[in-house]
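Supplied in structure tokens, the structure appears directly below.
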Amino acid sequence: MQRMVAVGFALVAYILFFASFLWLIAFLGDVKIFPTRINDAVNGTPVAQAIGVDLLLIALFGIQHSVMARPGFKARLTRIVPASVERSIYVLAAAAALAIMLGYWHTLGGAIWDVREGAAAPLIWAVFATGWAVVLLSTFLINHFELFGLSQAWHHGRAREDRPPQLREPLLYRWVRHPLYLGFIIAFWATPHLTMSHLLFAAGMTFYIFIGIAHEERDLLAHFGPAYDDYRKRVGMIVPGMGRRQGRPND
């Protein structure tokens with residue numbers, strides 16, 4: 001019974017996150033399917049106030065992601081809830097934080113460029129789609145179902161053999177350490193219509209991504225030790241060959 005409850009909760013969290021993820025794609029693509037779009041959200045707010053609200057929304061999203069992903073927070077949370085649903089709670093909170101950001105985003109006027117009617121537009125949209133494809137592929141390369149809490153719920157109450165942590169480098173991870181974040185950055189910036197709203201969103205989220213990477217790499221280094229340190233020396237962070245950690249002369 002407890003296992004079924006855990007699986008049901010994980011499925012609900014997964015579906016809600018997937019819906020918010022589709023909203024994000026449509027939001028940035030400026031497609032009117034969900035309640036808001038990057039260029040048609042909360043309108044008529046004074047510029048300074050709109051920028052302040054949008055930055056707070058990005059900060060809220062970033063805090064939720066960074067704080068709840070830390071090992072210390074997970075350890076405290078699993079004193080209250082079963083470990084099998086800890087990841088699903090994170091996924092549900094992420095869906096809520098993303099929906100809040102998209103739903104209350106304040107639109108800014110003005111545009112940097114607009115080539116929607118130009119010959120380059122189809123190519124830019126192809127790059128946009130490629131970014132999201134990289135994001136999705138990356139989740140499966142690192143275990144999609146575990147990333148979103150489904151595996152943990154499914155194995156609730158089952159005795160599982162403890163295995164030493166292994167650092168894998170499947171496909172994209174051979175070229176960059178964080179292909180998932182690379183996909184997001186591509187998708188955030190690839191637009192034939194770069195408005196001030198889109199610029200603020202892309203810049204703010206890219207800034208947060210690099211903060212998130214710094215925290216994540218610290219955790220990965222603590223978890224995998226020398227294996228991850230070696231990986232950082234060999235593989236670029238976001239761009240192949242760039243962002244590699246340089247070893248000291250005595251390394």
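Note that this is a predicted model, so its numbers are computed, not measured. Index from 1, following the sequence.
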Handout entry: Residue pair V53 / T45, side-chain heavy-atom distance below 4.5 Å
Key =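 Not in contact.
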Exercise for the section: May I ask you to test the H193-H198 pair for a side-chain heavy-atom distance under 4.5 Å? Expected result: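 No - every pair of side-chain heavy atoms lies 4.5 Å or more apart.
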Exercise for the section: Tell me, with the steps shown, if L221 and D229 meet side-chain contact (heavy atoms from CB on, under 4.5 Å). Expected result: CA-CA 6 Å; L221 186 60; D229 193 39; 3.8 Å; yes
Handout entry: Close side-chain approach of L108 and T195, heavy atoms under 4.5 Å
Key =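 SC-SC contact between L108 and T195 ruled out.
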Exercise for the section: Could you give me the CA-CA distance, side-chain angles and deciding distance for L147 and V91, then say whether side-chain contact (heavy atoms from CB on, under 4.5 Å) is met? Expected result: CA-CA 9 Å; L147 181 65; V91 170; over 6 Å; no
Problem - Main-chain N/O of D219 paired to H223 side chain as donor or acceptor, under 3.5 Å - result: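 Such a contact is absent between H223 side chain and D219 backbone.
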Exercise for the section: Would you check if V7 and L150 make a side-chain contact, meaning some heavy-atom pair closer than 4.5 Å? Expected result: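 With C-beta onward as the side chain, the pair stays apart.
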Handout entry: Shortest non-hydrogen contact from V176 toward V239
Key = CG1-C, 3.6 Å
Exercise for the section: Take S197 and N39, measure what side-chain hydrogen bond (donor to acceptor under 3.5 Å, both in side chains) needs, and give me the verdict at the end. Expected result: CA-CA 7 Å; S197 275; N39 298 316; 4.7 Å; no
Handout entry: E146/R87 salt bridge by N-O under 4.0 Å criterion
Key = no
Practice task
Quick one: closest heavy-atom pair of S138 and L172, and the distance?
Solution key: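 That would be OG-CD1, 3.9 Å.
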Handout entry: Closest non-hydrogen atom pair between R218 and R70, with its separation
Key =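 So the minimum-distance heavy-atom pair works out to NH2-CD, 3.9 Å.
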Problem - side-chain contact (heavy atoms from CB on, under 4.5 Å) between V42 and T107, intermediate numbers included - result: CA-CA 6 Å; V42 178; T107 300; 5.9 Å; no
Practice task
Tell me yes or no: between the side chains of S66 and Y208, is some donor less than 3.5 Å from an acceptor?
Solution key: yes
Exercise for the section: Evaluate whether atom CD of Q49 has more than 12 neighbouring non-hydrogen atoms of other residues, nucleotides or ligands under 6.0 angstrom away. Expected result: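 Yes - once you tally the heavy atoms of other residues, nucleotides and ligands closer than 6.0 Å, there are more than 12.
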Practice task
Supply the atom-to-atom distance I209 CD1 to H65 NE2, rounded to the nearest 0.5 angstrom.
Solution key: 10.0 Å
Exercise for the section: Say whether, by atom type as modelled, one donor and one acceptor occur between the side chain of W175 and the main chain of I238 under 3.5 angstrom. Expected result: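 Side chain of W175 to backbone of I238: no pair is present.
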Problem - Salt bridge E86-R79, side-chain N to carboxylate O under 4.0 Å - result: no
Problem - Nearest heavy-atom neighbours spanning S88 and F148 - result: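 For S88 versus F148, the nearest heavy atoms are OG-O, 4.3 Å.
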Handout entry: Value rounded to 0.5 Å, distance of NE2 in H155 from OG in S84
Key =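 So the gap between those two atoms works out to 11.5 Å.
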Exercise for the section: Please examine the side chains of Q152 and V85, heavy atoms only from C-beta on, and report whether any two atoms are closer than 4.5 Å. Expected result: no
Practice task
Mind listing the closest non-hydrogen atom pair of L28 and A187 along with its distance?
Solution key: CD1-O, 4.5 Å
Exercise for the section: Please lay out, stage by stage, how F17 and W23 fare under the test ring-ring contact (aromatic ring centres under 6.0 Å, His included). Expected result: CA-CA 10 Å; F17 182 84; W23 186 358; over 10 Å; no
Exercise for the section: Treat each ILVMFWY residue as a node, draw an edge where side-chain heavy atoms are under 4.5 Å apart, and state whether V135 and F210 are in one component. Expected result: yes
Exercise for the section: Could you tell me whether the side chains of E217 and Y228 share a donor-acceptor contact shorter than 3.5 Å? Expected result: yes
Practice task
Report yes or no: does N43 contribute a side-chain atom to a donor-acceptor pair with the main-chain N or O of A41 at less than 3.5 Å?
Solution key: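 Checking the backbone N and O of A41 against the side chain of N43, a donor-acceptor pair under 3.5 Å is found.
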Problem - ring pair (Phe, Tyr, Trp, His ring centres under 6.0 Å) involving Y181 - partner list, sequence neighbours excluded - result: H178
Practice task
Answer yes or no: is there a side-chain heavy-atom contact under 4.5 Å between L136 and W132?
Solution key: no
Practice task
Please determine, by modelled atom types, if T206 and W189 share a side-chain donor-acceptor pair under 3.5 angstrom.
Solution key: yes
Handout entry: Separation of L141 CG from L180 CG (nearest 0.5 Å)
Key =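 The distance works out to 10.0 Å.
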Problem - Side chain to side chain, F9 and L92, heavy atoms closer than 4.5 Å - result: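 Heavy-atom side-chain distance check passes, below 4.5 Å.
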Exercise for the section: Taking D54 for its side chain and W105 for its backbone only, find out whether a donor-acceptor pair lies under 3.5 Å. Expected result: no
Exercise for the section: Please confirm whether the backbone N or O of L102 pairs with a side-chain atom of T36, one donor and one acceptor, at under 3.5 Å? Expected result: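 Yes, the answer is positive, given that a donor and an acceptor are paired below the 3.5 Å cut-off.
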Fill in the blank from the handout: Here the gap from L57 atom CG to M101 atom CE, rounded to the nearest 0.5 Å, amounts to 7.5 Å
Handout entry: Cluster link L123 to W125, ILVMFWY, side chain under 4.5 Å
Key = no
Handout entry: Test item: F184 and V134 side chains (from C-beta on) under 4.5 Å apart, heavy atoms
Key = no
Practice task
Decide yes or no on side-chain contact (heavy atoms from CB on, under 4.5 Å) for K74 and Y90, but give the supporting numbers first.
Solution key: CA-CA 9 Å; K74 293 178 182 180; Y90 174 90; over 6 Å; no
Handout entry: Centroid-centroid distance, Y14 to H144, less than 6.0 Å
Key = yes
Exercise for the section: Identify whether M196 and L56 are in the same connected component of the hydrophobic contact network (ILVMFWY, side-chain heavy atoms under 4.5 Å). Expected result: no
Practice task
Nearest 0.5 Å please: distance from the OG1 atom of T191 over to the CZ atom of R116.
Solution key: 8.5 Å
Problem - Heavy atoms of other groups near Y173 OH, more than 12 under 6.0 Å - result: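 Above 12, so yes.
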Handout entry: Rounded distance (nearest 0.5 Å) linking atom CZ of R168 with atom CZ of F224
Key =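 So the CZ of R168 and the CZ of F224 are separated by 9.5 Å.
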Problem - From R234, R232, R174, R177, residue fulfilling salt bridge (Lys or Arg N to Asp or Glu O under 4.0 Å) relative to E169 - result: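 Running salt bridge (Lys or Arg N to Asp or Glu O under 4.0 Å) over R234, R232, R174, R177 with E169 returns exactly one hit, R234.
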Exercise for the section: Tell me whether I15 is reachable from F18 by hopping between hydrophobic residues (I, L, V, M, F, W, Y) whose side-chain heavy atoms are closer than 4.5 Å. Expected result: no
Exercise for the section: From the options F201, F207, F128, select the one residue that forms a ring pair (Phe, Tyr, Trp, His ring centres under 6.0 Å) with F188. Expected result: F201
Exercise for the section: May I ask you to decide whether K233 forms a salt bridge with D230, counting only side-chain N to carboxylate O separations under 4.0 Å? Expected result: no
Fill in the blank from the handout: Nearest heavy-atom contact between A153 and R3 is O-CG, 4.0 Å
